[in-house]
Amino acid sequence: MHILVTGGAGYIGSHVVKQLIEETDHHVSILDNLSTGHERTIKTLGAIATQMGKEAPTFYQEDLKNFAAIEALFQSVRFDAIIHFAASIVVPESVENPLKYYMNNTVNTTHLINVAKHHGVRHFIFSSTAAVYGEPDTPQVSETTPTEPINPYGRSKLMSERVLIDTSAAHEDFTHVILRYFNVAGADVACRIGQSFPNATHLIKVSAQTALGRREKMMIFGEDFDTPDGTGVRDYIHVDDLASAHLRALEYLAEGNRSNIFNVGYGKGFSVKEVIETMRGVSGVDFRADIAPRRAGDPAMLISDNTKIRSTLTWKPIYDDLKLICESALAWERQVDGL
Ligand SMILES: NC(=O)c1ccc[n+]([C@@H]2O[C@H](COP(=O)([O-])OP(=O)(O)OC[C@H]3O[C@@H](n4cnc5c(N)ncnc54)[C@H](O)[C@@H]3O)[C@@H](O)[C@H]2O)c1
């Protein structure tokens, strides 16, 4: 198959491209505007392919908002499937600048689905998020838990889910998988690619940066939640286990199975304090973490019920270990000074 990976120069997309190169014979093309992705990631992925005697991914530096250019690309190249990562992803920014999120995440995605459908693309895998659940009543959420996102980022993603669901309902030759990610963390264990995002807010990345002295201290937002140690509890998944869920989803669709939605997480949670203690342990640095007030819209606990993906796809996570996740994040952080 010829797979188009949008956002393949970014954090999660690059790990999926790496696995597509290492584990499949698909031809991979990457489309990315490099707004938060990096050219060096494209080069690294090319080098991984070359080392394996495989063809390097074709890279299209393009913005999804350039509808004419996207249409021209699909007229000249035939893709069998799309894995769509390209998006804007910072929740507080989505509150300040909602239109950026609706334009990039919903409008551009809708256009991409339209072009894909028009040009006979058969399968579409979409990066969604646990943010679509908002502040659920239950700590552990399944795919049938009501979706009530509480910020424009979550809403922009949920709207795209709807567009996909309605499109596949009307066209049985166009199938999709929606993957709702929980808290993604860590990096390629060989340390070739990882998360390079300026001013990242992800807890494990921030704690790695603090352990390395790149931040003087970090903050713990809220110590008065209804959780065992009072800090928020989340389901952290290693990026390579998340990446492999995309390969299994692609196989699932290629085998002719119906469109579906899956949570992707390990189904268990760790508190902010547990994460910080683990990072202190693996780094050997007793770095400073100060208590700050809760942030608006942070639920006490958000953990996936992953029964459905485990029973439907042949997905077998292999990095389900907080220490390993923190070690890989720290190793990556050591070599990407300042990003
Ligand atoms: N990181 C997480 O914890 C997390 C959690 C849940 C869901 N997601 C979803 O996963 C996907 C990937 O996230 P990530 O963490 O890898 O982010 P990222 O910012 O590292 O990757 C996004 C990539 O898309 C590209 N891009 C953005 N807008 C584009 C456009 N208009 N045209 C072309 N390229 C564009 C960027 O340059 C970047 O390479 C996103 O859809 C995000 O919503 C991420």
Side-chain angles (χ1 to χ4, degrees), residues 4-18 29-42 45 57 59-67 69-70 73 82-91 93-94 100-112 115 124-133 149 151-161 164 178-188 193-206 234-243 245-246 262-265 302 304 325 329 332 336 339:
L4 177 65
V5 180
T6 74
Y11 172 45
I12 303 168
S14 62
H15 286 79
V16 171
V17 171
K18 176 194 70 170
S29 289
I30 296 172
L31 185 146
D32 201 298
N33 64 2
L34 301 184
S35 55
T36 55
H38 299 271
E39 196 162 4
R40 66 157 194 276
T41 305
I42 301 290
L45 293 167
F59 177 47
Y60 301 100
Q61 184 170 348
E62 189 51 81
D63 195 311
L64 286 172
K65 73 177 182 197
N66 296 329
F67 289 1
I70 300 300
L73 173 64
I82 297 177
I83 312 182
H84 178 43
F85 296 96
S88 303
I89 70 159
V90 182
V91 171
E93 186 191 45
S94 80
K100 173 177 175 183
Y101 282 71
Y102 291 120
M103 292 305 288
N104 198 24
N105 296 1
T106 313
V107 174
N108 293 345
T109 298
T110 303
H111 180 257
L112 181 67
V115 175
F124 198 102
I125 297 176
F126 178 59
S127 298
S128 192
T129 165
V132 299
Y133 296 114
N151 50 58
Y153 168 68
R155 284 190 280 270
S156 71
K157 286 280 174 177
L158 187 61
M159 287 184 197
S160 297
E161 288 194 5
L164 262 181
I178 291 164
L179 297 175
R180 292 180 178 156
Y181 312 161
F182 282 66
N183 289 58
V184 192
D188 170 45
I193 50 176
Q195 189 177 25
S196 305
F197 197 87
N199 309 317
T201 52
H202 295 77
L203 174 65
I204 290 184
K205 185 167 177 81
V206 168
R234 295 290 179 275
D235 185 341
Y236 295 94
I237 177 167
H238 189 278
V239 63
D240 264 323
D241 278 337
L242 175 67
H246 295 73
F262 300 106
N263 285 341
V264 202
L302 195 57
S304 67
I325 293 174
W332 171 253
V336 285
L339 273 174

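Counting starts at 1 for both ligands and their atoms, in listed order. Quick note: numbers below take in every heavy atom, side chains included, and nothing from hydrogens, waters or symmetry partners. Counting begins at 1 with the first residue of the sequence.
Separation of atoms NZ (K205) and OG (S196) is listed at 5.5 Å; rounding is to 0.5 Å. Distance check, rounded to the nearest 0.5 Å: CD1 of I30 to CD1 of I83 gives 11.0 Å. E161 contributes atom CD, which lies 11.0 Å from atom OG1 of T109 (distance to the nearest 0.5 angstrom). Atom CZ in R234 sits 9.5 Å away from atom CG in L203 (nearest 0.5 Å).
Counted within 6.0 Å of CE on M159, heavy atoms from surrounding residues, nucleotides or ligands total more than 12; the atom is thus considered enclosed. Surrounding CD of E39 are at most 12 heavy atoms belonging to other residues, nucleotides or ligands under 6.0 Å away.
Using cut-offs of 30° and 60° for the angle between ring planes, the Y181 and F85 rings count as tilted. Using the six-membered ring where Trp is involved, Y11 and H15 have ring planes that are perpendicular, over 60° apart on the 30 and 60° scheme.
With hydrogens left out, the protein atom closest to atom 43 (O) of ligand 1 is Y153 OH, 2.6 Å, a heavy atom. Residue, atom and distance of the protein heavy atom nearest to atom 23 (C) of ligand 1 are G7 CA, 3.6 Å. Among all non-hydrogen protein atoms, the one lying nearest atom 38 (C) of ligand 1 is T36 OG1, 3.2 Å. Taking atom 8 (N) of ligand 1 as the reference point, the nearest protein heavy-atom neighbour is Y181 CD1, 3.4 Å. Counting only heavy atoms of the protein, atom 12 (C) of ligand 1 lies nearest to F85 O, 3.7 Å. Looking from atom 20 (O) of ligand 1 to the surrounding protein, the closest heavy atom is Y11 N, 2.9 Å. When hydrogens are left out, the protein atom nearest atom 44 (C) of ligand 1 is I12 CD1, 3.6 Å; that is the closest non-hydrogen contact.
For ligand 1, the atoms sitting less than 4.0 Å from at least one non-hydrogen atom of A9 are 39 (O), numbered in the order shown with element in parentheses. Listed by number with element, the atoms of ligand 1 under 4.0 angstrom from any heavy atom of L34 are 37 (O). Atoms of ligand 1 lying under 4.0 Å from at least one heavy atom of T129, given by number and element, are 6 (C), 7 (C). If you number the atoms of ligand 1 from 1 as listed, the ones under 4.0 Å from a heavy atom of I89 come out as 15 (O), 17 (O), 40 (C), 42 (C), 43 (O). The distance from ligand 1 to the heavy atoms of E62 drops below 4.0 Å at these ligand atoms: 32 (N), 33 (C). Atoms of ligand 1 lying under 4.0 Å from at least one heavy atom of G37, given by number and element, are 36 (C), 37 (O), 38 (C), 39 (O).
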Worksheet item: Please walk me through it: do H84 and S160 pass side-chain contact (heavy atoms from CB on, under 4.5 Å)?
Response: CA-CA 11 Å; H84 178 43; S160 297; over 6 Å; no
Practice prompt. Could you walk me through whether N263 and D235 pass side-chain contact (heavy atoms from CB on, under 4.5 Å), step by step?
Written response: CA-CA 11 Å; N263 285 341; D235 185 341; over 6 Å; no
Worksheet entry | Derivation and outcome, side-chain contact (heavy atoms from CB on, under 4.5 Å), residues K18 and D240 | CA-CA 9 Å; K18 176 194 70 170; D240 264 323; 2.8 Å; yes
Item to complete: Please report the C-alpha distance between L112 and N108 in whole Å, then the side-chain angles of each, then the deciding distance to 0.1 Å, and finally whether the side-chain contact (heavy atoms from CB on, under 4.5 Å) criterion is met.
Response: CA-CA 6 Å; L112 181 67; N108 293 345; over 6 Å; no
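Some N or O of K157 is nearer than 3.5 Å to an N or O of ligand 1, by distance alone. Geometrically, ligand 1 and H202 share a nitrogen or oxygen pair separated by less than 3.5 Å. Ligand 1 has a nitrogen or oxygen under 3.5 angstrom from a nitrogen or oxygen of G10. Here's the thing with K65: none of its N/O atoms is less than 3.5 angstrom from an N/O atom of ligand 1. For A86, no nitrogen or oxygen atom sits less than 3.5 Å from a nitrogen or oxygen atom of ligand 1, counting backbone and side chain alike. Considering backbone and side-chain N/O of S88, none are found under 3.5 Å from N/O of ligand 1.
Within the structure, ligand 1 lacks H38 among the residues with a heavy atom less than 4.0 angstrom away. Residue contact annotation: N183 has no non-hydrogen atom under 4.0 Å from ligand 1. The closest approach between any non-hydrogen atom of S128 and ligand 1 is below 4.0 Å.
When non-hydrogen atoms are compared, ligand 1 lies under 4.0 Å from the backbone of L64 as well as from its side chain. Residue-level proximity to ligand 1 for H84 is absent, since no heavy atom of it falls below 4.0 angstrom. At a heavy-atom distance under 4.0 Å, no atom of T6 approaches ligand 1.
When the heavy-atom distances from atom 27 (C) of ligand 1 to A131, S14, S156, A87 are ranked, the shortest goes to A87. When the heavy atoms of T41, I42, D32, D63 are ranked by distance to atom 25 (C) of ligand 1, first place goes to D32. The option with the heavy atom closest to atom 35 (C) of ligand 1, from among N33, N104, V184, I70, is N33.
Between the side chain of S128 and the backbone N or O of I178, no donor-acceptor pair lies under 3.5 Å. Using a distance-only test at 3.5 Å, with no hydrogens or angles considered, a donor-acceptor pair links the side chain of D32 to the main chain of A9.
Not counting sequence neighbours, the partners of S88 by the side-chain contact (heavy atoms from CB on, under 4.5 Å) test are K100, Y101, N104, N105.
For the side chain to side chain contact (heavy atoms under 4.5 Å, CB included) test with K157, the passing option among S127, S94, P149, P152 is S127; the others fail.
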